[in-house]
Amino acid sequence: MSPSDAGELLELEVGAVAHGGSCVARHDGLVVFVRHALPGERVRARVTERSKRFLRADCVEVLRAAPERVPVPCPYAGRCGGCDWQHASLPAQRTLKAAVVAEQLRRLGGLDVAVDVEEVPGAPDGLGWRTRVTYSVDAEGRAGFLSHRSHEVVPVDRCLIAHPAVTALDVPGRSWPGSRQVEVAASAASGETYLTTRPGEPAPGGVHETAAGRTWWVTGTGFWQVHPGAADALVDAVLAALEPRQGESALDLYAGAGLFTGALADRLGPGGRVTSVESDRVAVEDARTNLSDAPTVRLYRGEVAAVLRRLRLRRADLVVLDPPRRGAGREVVDLLSRIRVRRLAYVACDPAALGRDVGYFRDRGWGLAGLRAFDLFPMTHHVECVATLVPPAP
């Protein structure tokens, strides 16, 4: 951004929501992505970034407010980069997220789909739900969160979306000299907590979680859904999508600590078979512990594409895909298209990656048989989806 652009104030008419927590406006022929605004508003916004094709800006004054605008509960909103939609009512947040999912599926997947984002119990007022939190630490040892698109640490006194078990550790109230990050995991079910200032190093502890009628051990701050109601909501959605039958075979890809693997093994019964694939060594070890009573489960550690090539499966009646934010990608879609599959459930935390991968499946003749979306990250732009895909007829 040129010096003449830095801090420039623009008066803008705000249009539709965009993926990533901004809304779209226009100025001098350029698209402007405006944070902290809502569709239909007129605002003054300060330019924060300029490229040849677009501007980024932060709303600093609302000249005409949308009816969905509400008072912001957190004093750090607008400075901390964690929350995108605190200025919108919770129903409005879900409407915005639904619009983003529909737009990404249309633009990247070539499909027009009606989307409804479902509320999930466990986040009263959209606050107090986040059971896994990564704090950044500034040069003075103060804990906080990074500013949006920046490495600047904004020290905080408290995070309103953090779960009470996380808040009770009072990370912002303590000094962390010599640390760059503090990672916390808390179990909404057991109240157990785990804290580390050395992310990525071997973890001596962890927490127990409860979901799908089982207790799960998750080492350190390893992956687990951060919303207290998320694990059960997603298991229910995946099982409804797959309609599992006794004795079928299933493939659980990007399986983590084994949540969907365990749920499928229980549903498919002693005549069934579940093949589970996960690349993270610690997560695979956790899955072995969690599923030690499930003789029909086979666990494989490795990158999904590499394991699929090695196994050369000819059939898996059911498939669960739960990839990281980048999505599954073209190679994994190609490999799955060579396997005889009855139904596939794609669990996605990024609508753009989902839209792209659904497009890859569509190019190979697969159809989208259903889509559900869940508000597992209130106050943020993130949304979780479960898409049901069916292969072309033989």
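Counting from 1, the numbers follow the sequence of the chain as shown. Since this is a predicted model, take the numbers as computed values, not measurements. Just so you know, these numbers use all the heavy atoms, side chains as well, and skip hydrogens, waters and symmetry mates.
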> Does the side chain of W176 reach to within under 4.5 Å of the side chain of Y135, using non-hydrogen atoms?
Replying inline: no
> Per the side-chain contact (heavy atoms from CB on, under 4.5 Å) rule, which among H36, R35, Q93 passes with W85?
Replying inline: Q93
> Any donor and acceptor pair, going by atom type alone, linking the side chain of E278 with main-chain N or O of G256 inside 3.5 Å?
Replying inline: yes
>> Please give me the minimum heavy-atom distance between G262 and L291, naming the atom from each residue.
In response: CA-CD2, 3.6 Å
> Is there side-chain contact between V32 and F54, with heavy atoms separated by less than 4.5 Å?
Replying inline: no
>> Tell me which pairs pass side chain to side chain donor-acceptor pair (under 3.5 Å) where either residue lies in residues 151-161, with sequence neighbours left out.
In response: Y76-D157
>> Under a 3.5 Å distance rule, please check whether E248 uses its side chain to pair with a backbone N or O of L318 as donor and acceptor.
In response: no
> L376 and Y254: same hydrophobic cluster, using ILVMFWY side-chain contacts below 4.5 Å?
Replying inline: no
> How about D252 and S276: does a side-chain donor come under 3.5 Å of a side-chain acceptor?
Replying inline: no
> Would a distance-only check, ignoring hydrogens and angles, find a side-chain to backbone donor-acceptor pair under 3.5 Å from K97 to T380?
Replying inline: yes
> Between A37 and V14, what is the shortest heavy-atom contact and its length?
Replying inline: CB-CG2, 3.9 Å
> Of all heavy-atom pairs between A212 and A263, which one has the smallest distance, and what is that distance?
Replying inline: CB-CB, 4.3 Å
> Quick one: do the H19 and Q104 side chains pair a donor with an acceptor below 3.5 Å?
Replying inline: no
> Which pair of heavy atoms, one from V120 and one from A233, lies closest together, and at what distance?
Replying inline: CG1-CB, 4.2 Å
> Between S187 and S190, is any side-chain donor less than 3.5 angstrom from a side-chain acceptor?
Replying inline: yes
>> Quick check: is V341 connected to V386 through a chain of hydrophobic side chains (ILVMFWY, heavy atoms under 4.5 Å apart)?
In response: no
>> Using the rule given for side-chain contact (heavy atoms from CB on, under 4.5 Å), can you reason through L12 versus R42, listing the C-alpha separation, both sets of side-chain angles and the distance that settles it, and then say yes or no?
In response: CA-CA 6 Å; L12 302 168; R42 186 166 185 84; over 6 Å; no
> How does the hydrophobic cluster around V72 look, that is, which other residues are in it when side-chain heavy atoms under 4.5 Å mark a link?
Replying inline: none
> Quick one: do V319 and W366 end up in the same hydrophobic cluster if we chain Ile, Leu, Val, Met, Phe, Trp and Tyr together by side-chain heavy atoms under 4.5 Å apart?
Replying inline: yes
>> Testing the basics here: between R132 and R130, what is the closest heavy-atom pair and its distance to 0.1 Å?
In response: O-NE, 2.9 Å
>> I'd like to know if the side chain of E201 and the backbone of R198 have a donor-acceptor N/O pair within less than 3.5 Å.
In response: no
> Looking only at atom types and distance, does a side-chain atom of T210 sit under 3.5 Å from a main-chain N or O of T215, one as donor and one as acceptor?
Replying inline: no
> Is any side-chain heavy atom of V24 closer than 4.5 Å to a side-chain heavy atom of V31?
Replying inline: yes
> So, the side chain of T48 versus the backbone of R56: is there a donor-acceptor pair under 3.5 Å, distance only?
Replying inline: yes
> Ion pair present between R26 and E13, side-chain N to carboxylate O less than 4.0 angstrom?
Replying inline: no
>> Minimum heavy-atom separation for A211 and L259, please, with both atom names.
In response: CB-CD1, 3.9 Å
>> Please evaluate residues C159 and T167 with respect to the criterion side-chain contact (heavy atoms from CB on, under 4.5 Å), reporting the C-alpha separation (whole Å), side-chain torsions for both, the decisive distance (0.1 Å), and the verdict.
In response: CA-CA 7 Å; C159 174; T167 301; over 6 Å; no
>> Is there a side-chain hydrogen bond (donor to acceptor under 3.5 Å, both in side chains) between D84 and H148? Walk through the geometry before answering.
In response: CA-CA 10 Å; D84 310 287; H148 181 64; 5.4 Å; no
> Just wondering, do R44 and L63 contact through their side chains at under 4.5 Å, heavy atoms?
Replying inline: yes
> CZ of R174 to CG of L195: how many Å apart, nearest 0.5 Å?
Replying inline: 6.0 Å
> Mind checking whether L105 and D112 have side chains closer than 4.5 Å, heavy atoms only?
Replying inline: no
>> Can you list everything that forms a side chain to side chain contact (heavy atoms under 4.5 Å, CB included) with V307? Sequence neighbours excluded, please.
In response: V277, Y300, R310, L311
>> The test is salt bridge (Lys or Arg N to Asp or Glu O under 4.0 Å); show your working for R330 and D357 and say whether it passes.
In response: CA-CA 7 Å; R330 188 189 301 272; D357 288 349; over 6 Å; no
> Roughly how far, to the nearest 0.5 Å, is the CD atom of E384 from the CG atom of L354?
Replying inline: 10.0 Å
>> Counting C-beta onward and ignoring hydrogens, is there a side-chain heavy-atom pair between R64 and E41 closer than 4.5 Å?
In response: no
> Which value, rounded to the nearest 0.5 Å, describes the distance between F361 atom CZ and L321 atom CG?
Replying inline: 5.5 Å
>> Taking E285's backbone N and O only, do any of them form a donor-acceptor pair with T289's side chain (distance below 3.5 Å, no angle check)?
In response: yes
> Does the side-chain hydrogen bond (donor to acceptor under 3.5 Å, both in side chains) test come out yes or no for T219 and W217, once each step is laid out?
Replying inline: CA-CA 6 Å; T219 298; W217 170 254; 3.0 Å; yes
>> Does L146 form a side-chain contact (heavy atoms from CB on, under 4.5 Å) with V153? I'd like the steps, not just the answer.
In response: CA-CA 5 Å; L146 296 179; V153 177; 3.9 Å; yes
> Do E118 and R94 meet the salt-bridge criterion of a basic N to acidic O distance under 4.0 Å?
Replying inline: no
> Is there a donor-acceptor pair closer than 3.5 Å between any side-chain N or O of D317 and the backbone N or O of S249?
Replying inline: yes
> Sub-3.5 Å donor-acceptor pair from the side chain of R343 to the main-chain atoms of A241, do we have one?
Replying inline: yes
> Any side-chain heavy atom of L55 within less than 4.5 Å of one from L10?
Replying inline: yes
>> With rounding to the nearest 0.5 angstrom, report the CD1 to CG distance, I339 to L308.
In response: 5.5 Å
> E68 side chain to A88 main-chain N or O, any donor-acceptor pair under 3.5 Å?
Replying inline: no
> Same cluster or not: are W216 and F260 linked, directly or through other Ile, Leu, Val, Met, Phe, Trp or Tyr residues, by side-chain heavy atoms under 4.5 angstrom apart?
Replying inline: yes
> Cluster question for you: counting only ILVMFWY and a side-chain heavy-atom cut-off of under 4.5 Å, with indirect links fine, are V238 and L251 together?
Replying inline: no
>> With rounding to the nearest 0.5 angstrom, report the CG to CZ distance, L335 to R312.
In response: 11.5 Å
> Are any non-hydrogen side-chain atoms of F145 and S136 less than 4.5 angstrom apart?
Replying inline: no
> For the atom pair CD (E140) and CZ (R142), what is the distance rounded to the nearest 0.5 Å?
Replying inline: 4.0 Å
> Would S279 and V304 satisfy side-chain contact (heavy atoms from CB on, under 4.5 Å), going step by step from the backbone distance to the final call?
Replying inline: CA-CA 7 Å; S279 63; V304 165; over 6 Å; no
